[in-house]
*Asks:* 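So that we are looking at the same thing, I have put the structure below in structure tokens.
In this chain, numbering begins with 1 at the start of the sequence shown.
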Amino acid sequence: NEMIELIPEREGSRKAQILVDLEVFENAEAIYFELAKAGNTDVLEDLASLYFNKASVFISLDDLTSALRMYDKVINIYDKLVFNENRTELASDLVNAYLDKGHTLQEKGDFQFALAVYDQTIKLLKWSNEREYSAENANGIAKAYMNKGVANFLLQNQQEAISFIDQAIEIWVRLVDQEGFLQAEQLLGLAYLSKVNSLKALGENALANETIDKALIIYETQVHQKDNKNMRHRLSMVYETKAAILGDIGEHQEAVLYYDKAIRIEENLFHQEGRSEFANELAVTYLNKANSLVILGEYESALSHYNKSMTTWERLIYQEGRSELEINVAFVYTLITRVHHEMGDYDSAIAYHDKAIEIGERLVNQQKKTEFRPFLAGAYQNKTLTLIQLKLHTDAISLLDKAIKIREQLVNDEGKVEFLGDLAVIKKKKADVLLSIGEVNQAKSVLEAVIPILESEIKRTDRGNLKNCLATAMEALNRIRDTQ
């Protein structure tokens, strides 16, 4: 830690400063390493601290592989000091190194390796607790169980995730309620929030609703009774999650109330306190509230919140150069089109369809961001719904052909079979439009090609929307055959 204090302030970019800092660490490392090599074991603890700080520098540079190498060096040193030289007071430093290594492995996507590291952490902490119990060690065990839960959640092993999170919850409840270890209270709230994510993934909405209320009590107490302003953002996250659960169980009116609570916090952080890091989250909350308002039929209010979402993202794009958020604005445009479509304002719907398509075409065709091709295909397809209402069937077929071309490239040229079902749905829609303008033979040809694809995809994926599409496709084809 002393090494950080020796690094002077420098002018220039943050990355340039980090690179200079890294050079200072490397020079110091060489000195410490030579001293340790000469038998001066007193410097090992300082060397471990240096490696730990160096790992933080690598993480700042997004060089997770090098950071992991540093954590391994830290672990090797502390392991030697704790077990070979009986420096048991350093066990907590060894634990922190394991936890940080596990977290970095998770960030890198190496979840199985992360789980193995957390197991080592738990084993070490249990060994330490057997020698002398401490709330700090119990807290560390809970953290490791929690991290194992998160890793399993990311691996989509939801039952295992819940099992590990429950073990963390059990420890933290005991620490808070029986041992007065109040610093675990916020972690307990986070554990409830993490458990909710797994419950939602399993469709256990009733249990998720019960669990989020436990997190709600903790964070409302932190913010409103203990005046812990640092927990306001966490409380807004809990409100958003509660609102989403209520929406999933059809309680949209109540969901709107919780979105409003989240919005009040986020607006205060962003607008009053100027904390722009919360702007993106505020935009998402506006959007989610608007979605609930649409379901409630409150279209004007929904449009107002979609516009708030859009203008918040546009501010980030044009004032802070966050060009990666352009696709978010395009997505909002598609949601606005649906509202205008429901209101029967087809001219406004067309205008917003065109705005979404313009962004999609620019991103895909000019900027070559091919990852947005599915969005562009969907934007073409969405516009056809409005064109059909306006009886502009030829224009609708033209756009469906554009959407089909994109999906065919994804499926046939790139082997992305996950888009095969969507491709079949678009072709079925084209057959419907062809039938509506009397092009029976063309429609028949499309349906005969689409039905085997739908049957195959249903066997592969069991997607409900494909089953409905297949039923109407077969019905349409049978009607054609009956009249010929």
*Asks:* Please list every donor-acceptor pair under 3.5 Å in which a side-chain atom of residues 154-161 meets a protein atom from a residue at least two apart or in another chain.
*Replies:*
| residue | atom | partner | partner atom | Å |
| --- | --- | --- | --- | --- |
| Asn157 | ND2 | Asn152 | OD1 | 3.3 |
| Gln158 | OE1 | Ser198 | OG | 2.8 |

*Asks:* Report the residues that fulfil ring-ring contact (aromatic ring centres under 6.0 Å, His included) with Phe52, sequence neighbours left out, ordered by chain and then residue number.
*Replies:*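 Expected list: Tyr71.
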
*Asks:* Does Glu342 have any side chain to side chain donor-acceptor pair (under 3.5 Å) partners at least two apart in sequence or in another chain, and if so, which?
*Replies:*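 Once residues adjacent in sequence are excluded, Glu342 has no partner under the side chain to side chain donor-acceptor pair (under 3.5 Å) criterion.
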
*Asks:* For the NZ atom on Lys369, are there more than 12 heavy atoms of other groups (residues, nucleotides or ligands in this structure) within a distance under 6.0 Å?
*Replies:*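 Check passes, neighbour count above 12.
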
*Asks:* Between the side chains of Lys416 and Glu418, is the shortest nitrogen-to-carboxylate-oxygen separation below 4.0 Å, so that they form an ion pair?
*Replies:*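 So Glu418 does not pair with Lys416 through a salt bridge.
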
*Asks:* To the nearest 0.5 Å, what is the distance between CD1 on Ile165 and CG on Asn197?
*Replies:*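 It is 8.0 Å, given to the nearest 0.5 Å.
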
*Asks:* Quick one: which residue pairs count as a salt bridge (Lys or Arg N to Asp or Glu O under 4.0 Å) with a foot in residues 306-317, not counting sequence neighbours?
*Replies:*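 Residue pairs with at least one partner in residues 306-317: there are none.
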
*Asks:* Is it true that Tyr306 and Asn291 share a donor-acceptor pair across their side chains at a distance under 3.5 Å?
*Replies:*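 There is such a pair between these side chains.
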
*Asks:* Any pair with a residue in residues 474-484 that passes salt bridge (Lys or Arg N to Asp or Glu O under 4.0 Å), sequence neighbours left out, goes on the list, sorted by first then second residue, please.
*Replies:*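 Of all non-adjacent pairs touching residues 474-484, those that pass salt bridge (Lys or Arg N to Asp or Glu O under 4.0 Å) are Glu448-Arg481, Glu475-Arg479.
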
*Asks:* Can you give the donor-acceptor pairs under 3.5 Å from side chains of residues 324-333 to other protein atoms, not counting sequence neighbours?
*Replies:*
| residue | atom | partner | partner atom | Å |
| --- | --- | --- | --- | --- |
| Glu324 | OE2 | Arg322 | NE | 2.4 |
| Glu324 | OE2 | Arg322 | NH2 | 3.1 |
| Glu326 | OE1 | Arg362 | NH1 | 3.4 |
| Glu326 | OE2 | Arg362 | NH1 | 2.7 |
| Glu326 | OE2 | Arg362 | NH2 | 3.2 |

*Asks:* Is the number of heavy atoms from other residues, nucleotides or ligands within 6.0 Å of CE (Met343) greater than 12?
*Replies:*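 Atom CE in Met343 is packed in, count exceeds 12.
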
*Asks:* May I have the step-by-step check of side chain to side chain contact (heavy atoms under 4.5 Å, CB included) for Lys229 and Arg232, ending in yes or no?
*Replies:* CA-CA 5 Å; Lys229 290 182 170 57; Arg232 288 176 297 169; 3.7 Å; yes

*Asks:* Please lay out, stage by stage, how Leu387 and Ile350 fare under the test side chain to side chain contact (heavy atoms under 4.5 Å, CB included).
*Replies:* CA-CA 8 Å; Leu387 290 171; Ile350 289 291; 3.9 Å; yes

*Asks:* Check whether Ser398 reaches the backbone of Thr394 with its side chain - one donor and one acceptor, N or O, closer than 3.5 Å.
*Replies:*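 No.
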
*Asks:* Distance only, no hydrogens: is a donor on one side chain within 3.5 Å (strictly under) of an acceptor on the other, for Thr384 and Lys429?
*Replies:*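 Judged by distance alone, the side chains do not pair up.
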
*Asks:* So, are Lys261 and Glu266 salt-bridged, with charged N and O less than 4.0 Å apart?
*Replies:*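 Looking at Lys261 and Glu266, the cut-off is not met.
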
*Asks:* Determine the minimum heavy-atom distance between Ala191 and Trp172, stating which atoms define it.
*Replies:*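 For Ala191 and Trp172, the tightest heavy-atom pair comes out as CB-CZ3, 3.7 Å.
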
*Asks:* Distance from Glu273 atom CD to Phe278 atom CZ, nearest 0.5 Å?
*Replies:*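 Rounded to the nearest 0.5 Å, the CD-CZ separation comes to 8.5 Å.
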
*Asks:* Show the numbers, then the answer: is there a side-chain hydrogen bond (donor to acceptor under 3.5 Å, both in side chains) between Gln222 and Gln186?
*Replies:* CA-CA 8 Å; Gln222 286 285 321; Gln186 295 169 19; 3.2 Å; yes

*Asks:* Heavy-atom count around Glu414 CD within 6.0 Å, excluding the residue itself: above 12?
*Replies:*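 Yes, the 6.0 Å shell around CD holds more than 12 heavy atoms from other groups.
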
*Asks:* For the OH atom of Tyr259 and the NZ atom of Lys289, what is their distance to the nearest 0.5 Å?
*Replies:*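 Going from OH on Tyr259 over to NZ on Lys289, the span is 11.0 Å.
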
*Asks:* Just by modelled atom types, is the Ser56 backbone N or O under 3.5 Å from a matching donor or acceptor in the Ser60 side chain?
*Replies:*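 Yes, Ser60 side chain to Ser56 backbone: donor-acceptor pair under 3.5 Å.
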
*Asks:* Could you go step by step and tell me if His233 and Arg275 meet the side chain to side chain contact (heavy atoms under 4.5 Å, CB included) rule?
*Replies:* CA-CA 11 Å; His233 175 234; Arg275 299 178 63 179; over 6 Å; no

*Asks:* For Ala377 and Ala403, work out which heavy atoms get closest and say how close.
*Replies:*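 That would be O-CB, 3.5 Å.
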
*Asks:* For a side-chain hydrogen bond (donor to acceptor under 3.5 Å, both in side chains) check, start with the C-alpha distance between Tyr286 and Glu281, then their side-chain angles and the critical distance, and finish with the verdict.
*Replies:* CA-CA 9 Å; Tyr286 283 141; Glu281 190 167 336; over 6 Å; no

*Asks:* First locate atom CZ of Phe375, then atom CD1 of Ile359, and finally report the distance between them rounded to the nearest 0.5 Å.
*Replies:*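 Answer for the CZ-CD1 pair, Phe375 versus Ile359, is 7.0 Å.
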
*Asks:* Quick one: CG on Leu246 to CG on Asn205, what's the gap to the nearest 0.5 Å?
*Replies:*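 Reported to 0.5 Å precision, the distance equals 10.0 Å.
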
*Asks:* Would you say that more than 12 heavy atoms from the other residues, nucleotides or ligands in this model lie under 6.0 Å from the OH of Tyr346, or not?
*Replies:*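 Counting other residues, nucleotides and ligands, OH of Tyr346 exceeds 12 neighbours.
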
*Asks:* Among residues two or more places apart or on two chains, list those pairs meeting salt bridge (Lys or Arg N to Asp or Glu O under 4.0 Å) that have a residue in residues 456-465.
*Replies:*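 Listed by first then second residue: Asp422-Arg463, Glu457-Arg460, Asp462-Lys467.
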
*Asks:* Can you check whether Ala283's main-chain N or O pairs, donor with acceptor, with Ser309's side chain at less than 3.5 Å?
*Replies:*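 Confirmed, Ser309 side chain pairs with Ala283 backbone.
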
*Asks:* Walk me through whether Tyr192 and Glu210 qualify under side-chain hydrogen bond (donor to acceptor under 3.5 Å, both in side chains).
*Replies:* CA-CA 10 Å; Tyr192 286 133; Glu210 290 177 18; over 6 Å; no

*Asks:* Excluding sequence neighbours, so at least two apart, what forms side chain to side chain donor-acceptor pair (under 3.5 Å) with Tyr258?
*Replies:*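 Side chain to side chain donor-acceptor pair (under 3.5 Å) list for Tyr258, sorted by chain: empty.
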
*Asks:* Arg69 versus Lys54: any side-chain heavy-atom pair under 4.5 Å?
*Replies:*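 No; the side chains remain at least 4.5 Å from each other.
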
*Asks:* Would the distance check show the side chain of Lys368 and the main-chain N or O of Asn365 forming a donor-acceptor pair, the cut-off being under 3.5 Å?
*Replies:*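 Yes; at least one donor-acceptor contact below 3.5 Å.
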
*Asks:* Specify the closest pair of heavy atoms between Leu400 and Lys430, including all atoms of both residues, with the distance to one decimal.
*Replies:*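 Looking at all heavy atoms of both residues, the shortest contact is CD1-CA, 3.7 Å.
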
*Asks:* Output yes when Lys405 and Asp401 qualify as a salt bridge under the 4.0 Å nitrogen-oxygen rule, no when they do not.
*Replies:*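 Between Asp401 and Lys405 there is no salt bridge, as every charged N stays at least 4.0 Å from the carboxylate O atoms.
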
*Asks:* Given the rule in the side chain to side chain contact (heavy atoms under 4.5 Å, CB included) test, do Val364 and Thr370 qualify, once you have shown the distances and angles that lead to the verdict?
*Replies:* CA-CA 5 Å; Val364 172; Thr370 55; 5.6 Å; no

*Asks:* What residues form a side chain to side chain donor-acceptor pair (under 3.5 Å) with Tyr219, not counting sequence neighbours?
*Replies:*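 Checked Tyr219 against side chain to side chain donor-acceptor pair (under 3.5 Å); matches are Arg234.
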
*Asks:* Atom CD1 in Ile265, atom CD in Glu240: separation rounded to 0.5 Å?
*Replies:*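 So the CD1 of Ile265 and the CD of Glu240 are separated by 9.0 Å.
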
*Asks:* Throw together a table of side-chain donor-acceptor distances under 3.5 angstrom for residues 101-109, partners on residues two or more places apart or in other chains.
*Replies:*
| residue | atom | partner | partner atom | Å |
| --- | --- | --- | --- | --- |
| Lys101 | NZ | Asp72 | OD1 | 2.7 |
| Thr104 | OG1 | Asp100 | O | 2.8 |
| Gln106 | OE1 | Tyr118 | OH | 3.0 |

*Asks:* Please answer whether the main-chain N or O of Ser348 pairs with a side-chain N or O of Asp345 as donor and acceptor at a distance below 3.5 Å.
*Replies:*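 Indeed, once roles are kept as given, a pair shorter than 3.5 Å links the two residues.
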
*Asks:* Do any N or O atoms from the side chain of Asn268 and from the backbone of Arg264 form a donor-acceptor pair under 3.5 angstrom?
*Replies:*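 Looks like no, no N/O pair under 3.5 Å.
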
*Asks:* May I ask you to say whether Lys383 pairs ionically with Asp395, meaning some side-chain N is under 4.0 Å from a carboxylate O?
*Replies:*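 No, Lys383 and Asp395 are not salt-bridged.
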
*Asks:* Kindly write out the residues that satisfy ring-ring contact (aromatic ring centres under 6.0 Å, His included) with His252, not counting sequence neighbours, or none if the list is empty.
*Replies:*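 With neighbours one apart ignored, the set is empty.
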
*Asks:* Does a donor on one side chain sit under 3.5 Å from an acceptor on the other, for Glu361 and Tyr380?
*Replies:*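 Note: Glu361 and Tyr380 side chains meet the donor-acceptor criterion.
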
*Asks:* Could I get the full list of side chain to side chain donor-acceptor pair (under 3.5 Å) partners for Gln442, not counting sequence neighbours?
*Replies:*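 Per chain and number, Gln442 pairs via side chain to side chain donor-acceptor pair (under 3.5 Å) with Glu439.
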
*Asks:* Check the angle between the aromatic planes of His340 and Tyr352 and answer parallel, tilted or perpendicular using the 30° and 60° thresholds.
*Replies:*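 Taking Tyr352 first and then His340, their aromatic rings lie parallel (interplane angle under 30°).
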
